[in-house]
2 protein chains.
Amino acid sequence: MSDGLRERKKLQTRRAISGVALELFRERGFDNVSVAEIAAKAGISKMTVFNYFPAKEDIVLGPLEEHVGDPAAIAEGKAPGEPVVAAFRRAFLERLEGRAPETGLNDDPALLQVLNLISETPPMVVRIFGFRHRSEQLLVEALRDPAAGPHDLRARLVAGHLTGLWYTLQGENVRRIIGGERAGEVYPDAVAAANLGFDLLADGIGDYGAW
Amino acid sequence: MSDGLRERKKLQTRRAISGVALELFRERGFDNVSVAEIAAKAGISKMTVFNYFPAKEDIVLGPLEEHVGDPAAIAEGKAPGEPVVAAFRRAFLERLEGRAPETGLNDDPALLQVLNLISETPPMVVRIFGFRHRSEQLLVEALRDPAAGPHDLRARLVAGHLTGLWYTLQGENVRRIIGGERAGEVYPDAVAAANLGFDLLADGIGDYGAW
DNA sequence: TCAATATTTATATCGGGAATAAATATCGAC
DNA sequence: GTCGATATTTATTCCCGATATAAATATTGA
């Protein structure tokens, strides 16, 4: 059975670890809490922590990692005939409206703690670059035109721009939410920013900065 | 005096460290060589290694890091009235022609060793994402329009796209050079790739992928 | 209840990196 | 060239993340 006691316990342990860890990190900072300490407070052994999370940073970043496949999924799920950029714009605006955490436009206290923690911890910021890279690679696969051969450069370039825009927009929202603004306040600007970003991407920036 | 014995010795030590380290890394792989071993072989103490390089990875990545400021410099040095994208296209094509290492289009054996080493060592790949991020931040500063306020979103978006394109083009070249092709062979494709990339960026990708 | 399997644990070890203070080398001024 | 100020290197110690191994324990389906 896929839903027995074992699975339930695992989920529970996983949550116990990240719960305890987040609490300690908040109190004293990521670097000043050892994995051994987390394990002790969670009532398990240090080894078990690494059993659930490949690295200390992943205890915090787990929820973010779940979204690495989003851009690829958007490309794959787009309406036939719809340009990819348009599909991304739609998808992002929809998520903004729903205050989806992955847009950064969400001021839930628990999420805020996580965002603050990440922003203050360089190694975790670095890990996010890794997520972004994986996002991009998955998107390349989703966009790849088989007729263009195994190395569709155009798909790579487009994927790079879309992923970059996605993360930039998200980053802007995160920055403001961390700065103390409420999601509701930021929302109009977030929509405007997204539209600006997708406009620039759709229409090109060939004439930018001719000063 | 800025050019005394002290400075000369420092440069010499620095080179000794990276020379010895690269040799060992090539032989046995990055992870199978300890910093202590590098220090021993270079005839210095382990502490001194960390004195010269903040982290083990930086022993290899030093030369790459020197180019983080390139995009910002291009923006700052562009001809008056020239669009930024045009300036970047020119700069990249010039560097391609000169087989500049930072374009990836350079098959010098020593460089090749470094590229291979990096590509096989995930933590170093990650560090490069960090360089890219710094590149982008510097470019934002260079592009920022004071009239647009302290957070020129347009500049951020443009910087993101330019930096992304820059690294993507570089990555394509590196991939092929690592694959064993010669710079001369790759050159025509690299020029075509760059032009495609800058065209897409200049004119936009609004109609891409409407299948 | 039992045997097969998955998970957790204890234990040992490695190596990167920081902190400290002592030793050594280089500097510029005389 | 000598000397005191300043940089640099060094030895030493320590912490902690991460891995490997094998033993112990829990969960499973029969």
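In the text below, chain A, chain B and the rest are named by the order of the sequence lines, each starting its count at 1. Keep in mind that the numbers below use all heavy atoms, side chains included, and drop hydrogens, waters and symmetry copies.
- Using a 4.0 Å cut-off between charged nitrogen and carboxylate oxygen, A:Arg134 and A:Glu65 count as a salt-bridge pair.
- The stretch residues 13-46 of chain A comes close to DNA chain C through A:Ile44, A:Ser45, each having a heavy atom under 4.0 Å from the strand.
- Residues B:Tyr208 and A:Val85 have side chains not in contact (no heavy-atom distance under 4.5 Å, counting atoms from C-beta outward).
- Checked for salt-bridge contact, B:Asp107 and B:Arg182 meet the test: a charged N lies under 4.0 Å from a carboxylate O.
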Checklist line | Structure string for DNA chain D in dot-bracket form, Watson-Crick and G-U at under 3.5 Å, | interchain | finding: ||||||||||||||||||||||||||||||

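- Two residues are said to be in side-chain contact when any heavy atoms from C-beta on lie closer than 4.5 Å; B:Phe88 and B:Leu139 meet this criterion.
- Side-chain contact annotation: A:His151 with A:Arg144, donor-acceptor N/O pair under 3.5 Å absent.
- Residues satisfying the side-chain contact (heavy atoms from CB on, under 4.5 Å) criterion with A:Ala55, sequence neighbours excluded, are A:Glu57, A:Asp58, A:Arg127.
- Geometrically, B:Lys56 engages B:Phe30 in a cation-pi contact defined by less than 6.0 Å to the ring centre and at most 45° from the axis.
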Tabulate protein N/O versus nucleotide N/O from nucleotides 4-8 of chain D, keeping only pairs under 3.5 Å, one per line.
residue: D:dA7; atom: O4'; partner: B:Arg6; partner atom: NH1; Å: 3.1
residue: D:dA7; atom: O4'; partner: B:Arg6; partner atom: NH2; Å: 3.4
residue: D:dT8; atom: OP1; partner: B:Lys10; partner atom: NZ; Å: 2.5

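- Checking D:dT10, C:dG16, C:dT26 against the side-chain heavy atoms of B:Thr48 singles out D:dT10 as nearest.
- Contact check of residues 53-62 of chain A against DNA chain D (heavy atom, cut-off under 4.0 Å) returns A:Ala55, A:Lys56.
- Distance, A:Met47 CE to D:dA20 P: 9 Å, rounded to whole Å.
- Between A:Val49 and A:Ile17, the shortest heavy-atom distance links the atoms CA-CD1, 4.2 Å.
- Ring planes of B:Trp166 and B:Phe92: perpendicular class, angle over 60° (limits at 30 and 60°).
- At a threshold of 4.0 Å, the pair A:Arg26-A:Glu23 does not count as salt-bridged, since none of the basic side-chain nitrogens sits closer than that to a carboxylate oxygen.
- Of the possible polar contacts, one joining the B:Ser34 side chain to the B:Glu37 backbone as a donor-acceptor pair under 3.5 Å is found.
- Using a 4.5 Å heavy-atom cutoff, the side chains of A:Arg132 and B:Phe129 are not in contact.
- Atom pair B:Gln12:CD and D:dT9:C1' shows a separation of 15 Å (rounding to whole Å applied).
- Evaluation of the side-chain contact (heavy atoms from CB on, under 4.5 Å) rule for B:Ala21 yields B:Phe25, B:Ile38, B:Ile59 as partners, not counting sequence neighbours.
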